[in-house]
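Throughout, protein chains are lettered first and strands after them, A, B, ... in sequence-line order, and every chain is numbered starting at 1.
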Amino acid sequence: MGMTVVEKILANHGEKETVEPGELVKARVDLILGNDITAPVAIREFKKIGIKKVFDPERVVLVPDHFTPNKDIASAEQAKIMKEFAREQEITNYFEVGRMGIEHALLPERGLTLPGEIIIGADSHTCTYGALGALATGIGSTDMAAAMALGETWFKVPSTIKFVYRGELNQWVSGKDLILFTIGEIGVDGALYQAMEFTGPVIRKLSMDSRLTMSNMAIEAGAKAGIIEPDEITYAYLEGRAQRNYRGMFSDGDAGYSQIIEYDVGEIEPQVAFPHLPENSRGIKDVGEVPLDQVVIGSCTNGRLEDLRIAARILEGKKVHPRVRLIVIPGTQKIYQQALKEGLIDIFIEAEGAVSTPTCGPCLGGHMGVLAKGERSLATTNRNFVGRMGHPESEVYLCNPAVAAASAVTGQISSPEEVS
Amino acid sequence: MAEMKGKAWKFGDDIDTDVIIPARYLSTSEPEELAKYCMVDADPHFFNKVNKGDIMVARKNFGCGSSREHAPLSIKAAGVSCVIADSFARIFYRNSINIGLPILECADAAEKISQGDTVFVDLKKGVIKNETTGETFYASPFPEFMQEIIDAGGLIDYVKKKLIEEK
Ligand code: SF4
């Protein structure tokens with residue numbers, strides 16, 4: 001029997017002919033990532049090992065993005081640990097405020113995540129890079145410490161569920177809606193321990209930004225990875241960007257899957273996930289009346305250029321509802337700058353929305369838009385757990401950027417059709 | 001230590017990290033302290049009853065919930081030599097290996113072993129013997145490098161050892 005793309009990548013990095021689901025393998029890693037929450041702990045563990053240098057300073061990436069620009073003294077101390085470690089280890093891929101972005105928006109943009117690679121990160125949304133055909137997964141801080149020393153780690157080979165998307169996308173339906181719909185179908189543990197492979201004619205036409213959104217949320221179905229085989233769109237994206245040579249890998253025709261699930265996307269409308277789990281998704285027509293206090297457009301899920309363009313298209317010439325705070329956060333400095341050049345930022349400000357420097361901020365209830373008791377936010381982020389954006393008695397609803405922008409105008413969760 | 005023998009302590013499905021070590025005891029990361037509260041909400045006297053080398057047996061999705069490494073640490077420090085379950089939550093699985101707690105997935109054994117049975121485990125061969133009933137079960141054997149991590153007492157010590165050997 002053949003192998004899936006995930007099995008192939010593991011076999012290749014573990015120097016094995018074949019691997020099977022359930023097998024434990026030791027594999028070389030191509031890139032290791034940490035942020036201002038997880039890296040300080042990993043750095044402490046790394047120092048316990050007692051060696052001086054990381055295995056390769058070009059393959060360790062440190063991004064202070066969660067509480068930056070430092071929101072208080074405690075977060076400043078954490079960020080300082082990273083900064084000093086980066087300097088002492090001569091880590092080139094350390095991104096200080098002003099050069100940074102939200103890690104999972106920044107790394108693909110910089111051409112640091114490539115097809116056929118293994119990427120581990122001490123952050124659960126490391127699975128985002130599956131969109132480029134990499135096996136990318138979240139790990140713990142101890143894992144990160146050991147991998148920084150050795151350049152390898154161990155994996156249990158996951159079985160793979162194949163998702164095939166066919167048909168024509170409805171208007172305003174994006175990668176975000178496909179993944180919210182999928183999680184709604186299979187549940188938040190629907191792919192526990194397994195890899196998700198997204199494929200089919202719809203995926204082959206999907207933009208890179210939308211693909212990154214889909215892979216980003218694989219973890220929200222419990223998956224270890226959410227992978228998309230590379231194609232022309234991937235190669236075009238990597239042109240002039242890729243920092244290393246790479247070799248794409250593909251599933252064999254006779255690869256074994258634990259399940260194959262097909263969807264006709266013609267049946268999928270823009271989705272909204274109700275509190276407090278991403279699996280509580282439903283079509284926009286079934287939402288009912290949900291008044292809002294805040295709308296957030298940003299995060300590693302939907303803070304990319306395509307997202308800002310869609311939001312601006314809807315907000316152009318309109319005003320945000322007087323009861324609503326609209327916060328727009330471009331994912332990286334580059335996205336921010338491009339949005340400026342295209343006049344998108346102007347549109348957001350004319351509409352009376354606030355625009356922030358790149359940061360995770362409100363996505364994890366850190367800063368830049370925390371909710372009070374009883375407040376309700378609609379967000380293009382990926383998690384709507386209890387208290388995720390602030391007070392334990394606040395609520396978060398998840399959606400795509402078009403729905404978010406339309407709802408900011410009407411003051412309640414609305415279809416983009418209502419305002420365009 | 002690739003072979004172990006002890007009394008079975010049986011638990012059910014979906015034992016989460018809050019049952020293994022409640023958040024109210026997380027103000028320390030000292031294994032000896034954590035051990036005292038291991039499984040306290042499922043069995044308040046577990047720590048006093050368990051003997052060194054005993055084996056924990058549970059059903060599906062053992063260790064679900066938070067990513068706290070304190071959970072496997074408290075089990076290991078309580079003297080448990082190995083955990084057998086139908087399945088483990090993904091991060092608990094990684095954390096257990098990384099801190100040097102052997103764990104085996106074997107649904108058959110997890111179902112058929114009863115509380116108090118004497119169980120023998122050979123990690124290298126993946127063999128589980130219920131000496132009380134005479135039944136033998138087979139799990140996937142532990143690959144050599146995993147055994148090395150366990151033998152070293154966890155991932156950080158394993159890496160230390162490995163780097164010294166390479167020099
Ligand atoms: S934007 Fe949100 S989900 Fe993404 S890395 Fe930051 S905190 Fe995590």
CZ on B:Arg94 to NZ on A:Lys156, rounded to 0.5 Å: 11.5 Å
Rounded distance (nearest 0.5 Å) linking atom NZ of A:Lys224 with atom CD1 of B:Ile91: 11.0 Å
Residues, nucleotides or ligands: over 12 heavy atoms within 6.0 Å of B:Lys52 NZ: no
Flag if over 12 foreign heavy atoms under 6.0 Å of NZ, B:Lys129: no
Nearest-0.5 Å distance, OG of residue B:Ser140 to CD of residue A:Glu20: 9.5 Å
B:Glu135 atom CD, neighbour heavy-atom count above 12 within 6.0 Å: yes
B:Ile99, part contacting chain A, at a heavy-atom distance under 4.5 Å: neither
Engaged part of A:Glu152 at the chain B interface, taking heavy atoms whose separation is under 4.5 Å: side chain
side-chain contact (heavy atoms from CB on, under 4.5 Å) evaluation trace for B:Val159 with A:Glu45: CA-CA 11 Å; B:Val159 175; A:Glu45 292 298 310; over 6 Å; no
B:Glu144 atom CD, over 12 foreign heavy atoms within 6.0 Å: no
Approximate separation, where rounding is to 0.5 Å, of A:Trp154 CH2 and B:Asn98 CG: 5.5 Å
Among A:Val25, A:Asp143, A:Leu192, residue most engaged with chain B (heavy-atom pairs, under 4.5 Å): A:Asp143
Value rounded to 0.5 Å, distance of CD1 in A:Ile49 from CG in B:Leu155: 7.5 Å
Side-chain touch A:Leu150/B:Leu163, heavy atoms, less than 4.5 angstrom: yes
Proximal component of B:Asn61, with respect to chain A [non-hydrogen, under 4.5 Å]: side chain
Interatomic distance, B:Tyr93 atom OH to A:Leu24 atom CG [nearest 0.5 angstrom]: 4.0 Å
Heavy atoms from other residues, nucleotides or ligands near NZ of B:Lys5 exceed 12 (cutoff 6.0 Å): no
Presence of salt bridge, B:Glu148 and A:Lys26, under 4.0 angstrom: no
Heavy atoms of other groups near A:Lys53 NZ, more than 12 under 6.0 Å: yes
